[in-house]
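Since the structure is predicted, the reported quantities are computational estimates derived from the model, not experimental observations. Counting starts at 1 for both ligands and their atoms, following the listed order.
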Amino acid sequence: MRITVLCGGLGGSRLVDSLGRAAGAEAVTAIGNVGDDVEILGLHVSPDLDTVLYTLANLLDEERGWGVRDETYGALGLAGELGGETWFTLGGRDIGLHLVRTAMLRDGRPLSEVTARLASALGVATRILPATDDSLRTIVTTPDGDLSFQDWFVRRGHRDPVLGVRFEGAADARPAPGVLDAIHEADLVFLAPSNPFVSLGPILAVPGIADALAERSGPVVALAPIVGGRALRGPLAEMLAAQGHEPTALGAARLVAEHADAFVVDPEDEKLAPAVAELGLRPVVAPIVMVDPDHRASVGRGLLDVLDREAALP
Ligand code: FO1
């Protein structure tokens with residue numbers, strides 16, 4: 001069984017981990033968002049790729065949902081004393097990874113190759129591909145003007161209402177090597193329970209990726225990023241409401257309906273299944289809360305079993 005997951009942020013990395021624990025890490029390919037990438041103190045940071053890397057390498061600070069656990073902040077502290085920017089919290093071990101990534105990028109290696117090398121060095125068997133090796137940056141439009149993603153999310157604490165989102169560079173971006181094949185050749189493609197605006201949106205904006213999903217003969221299965229009216233992490237519920245969408249799993253389903261065949265809701269949202277079906281999506285009900293690493297293998301197995309029973313698998 002070959003599984004490909006389009007993912008961003010914590011929800012995405014948890015799904016990749018859950019499916020890897022259920023089907024084997026080598027069976028899974030993760031296609032990650034790079035719209036959040038940011039240059040801090042001269043270092044290239046790829047937060048969403050790193051959340052997948054750190055989750056699978058068992059290094060993630062699971063409590064915070066980003067960065068490495070048990071970090072120390074001596075490097076950032078001195079950078080601050082010297083007048084460097086400190087609004088983006090980089091721990092010492094995390095900085096080690098960014099140093100190596102940045103050096104390899106400056107040597108002219110593409111982000112996809114750099115990511116593969118980092119994964120291999122960390123003992124991660126799952127293939128992690130950036131959606132593109134080209135520059136693509138998420139820009140958030142707010143009442144105070146346009147902000148780069150991390151300015152909006154971290155520097156300003158995602159308090160500004162989001163009026164719209166665009167992806168700078170997307171029109172000229174090409175899918176990274178292996179991305180389209182991973183979509184075409186997988187038995188099963190998942191759209192992770194990631195924010196559809198700022199995590200899945202930048203991936204789907206890369207020309208060729210949405211077409212590859214549409215051309216598949218096998219199923220594309222999206223997972224609800226909202227359970228019981230709450231996003232498990234992040235500002236999705238507020239973003240849905242601010243843009244006139246229902247802040248529920250159904251509101252999120254509407255945003256991915258054109259790209260998916262099936263939509264999985266948690267048993268807590270079973271009552272939304274008929275409305276999901278009206279969107280032309282096959283509703284699937286299965287536990288999808290993957291917060292606790294010890295529950296992830298069973299969530300992954302449960303998902304694959306229910307999709308198998310519902311004949312959504314080949
Ligand atoms: N999120 C924060 O809320 N504050 C931070 O200081 C912060 C630092 C950071 C450093 C490395 C990294 O990989 C992620 C980091 N994040 C931080 C998370 C990140 O901004 C977002 O979670 C993602 O971009 C959204 O998917």
Quiz item: Do Arg254 and Glu246 touch side chain to side chain, with heavy atoms closer than 4.5 Å?
Solution: yes
Self-check item: Any donor-acceptor pair under 3.5 Å from Asp61 side chain to Trp66 backbone
Solution: no
Self-check item: Check: Glu71 and Thr89 side chains under 4.5 Å, non-hydrogen atoms
Solution: no
Hey, what polar pairs (N/O, under 3.5 Å) does ligand 1 make with protein?
unit_1: ligand 1; atom_1: 1 (N); unit_2: Trp66; atom_2: NE1; d: 3.3
unit_1: ligand 1; atom_1: 6 (O); unit_2: Thr89; atom_2: N; d: 2.9
unit_1: ligand 1; atom_1: 6 (O); unit_2: Thr89; atom_2: OG1; d: 2.9
unit_1: ligand 1; atom_1: 20 (O); unit_2: Gln150; atom_2: OE1; d: 2.9
unit_1: ligand 1; atom_1: 20 (O); unit_2: Gln150; atom_2: NE2; d: 3.4
unit_1: ligand 1; atom_1: 24 (O); unit_2: Asp36; atom_2: OD2; d: 2.7
unit_1: ligand 1; atom_1: 24 (O); unit_2: Gln150; atom_2: NE2; d: 2.9
unit_1: ligand 1; atom_1: 26 (O); unit_2: Asp36; atom_2: OD2; d: 3.2
unit_1: ligand 1; atom_1: 26 (O); unit_2: Asp48; atom_2: OD1; d: 2.7

Practice problem: Go through the structure and list residues passing salt bridge (charged side-chain N to carboxylate O under 4.0 Å, His left out) with Arg109, not counting sequence neighbours. | Solution: Glu113
Quiz item: Who are the salt bridge (charged side-chain N to carboxylate O under 4.0 Å, His left out) partners of Glu26, not counting sequence neighbours?
Solution: none
Quiz prompt | Residue list, side-chain hydrogen bond (donor to acceptor under 3.5 Å, both in side chains) with Thr141, at least two apart or on another chain | solution = Asp146
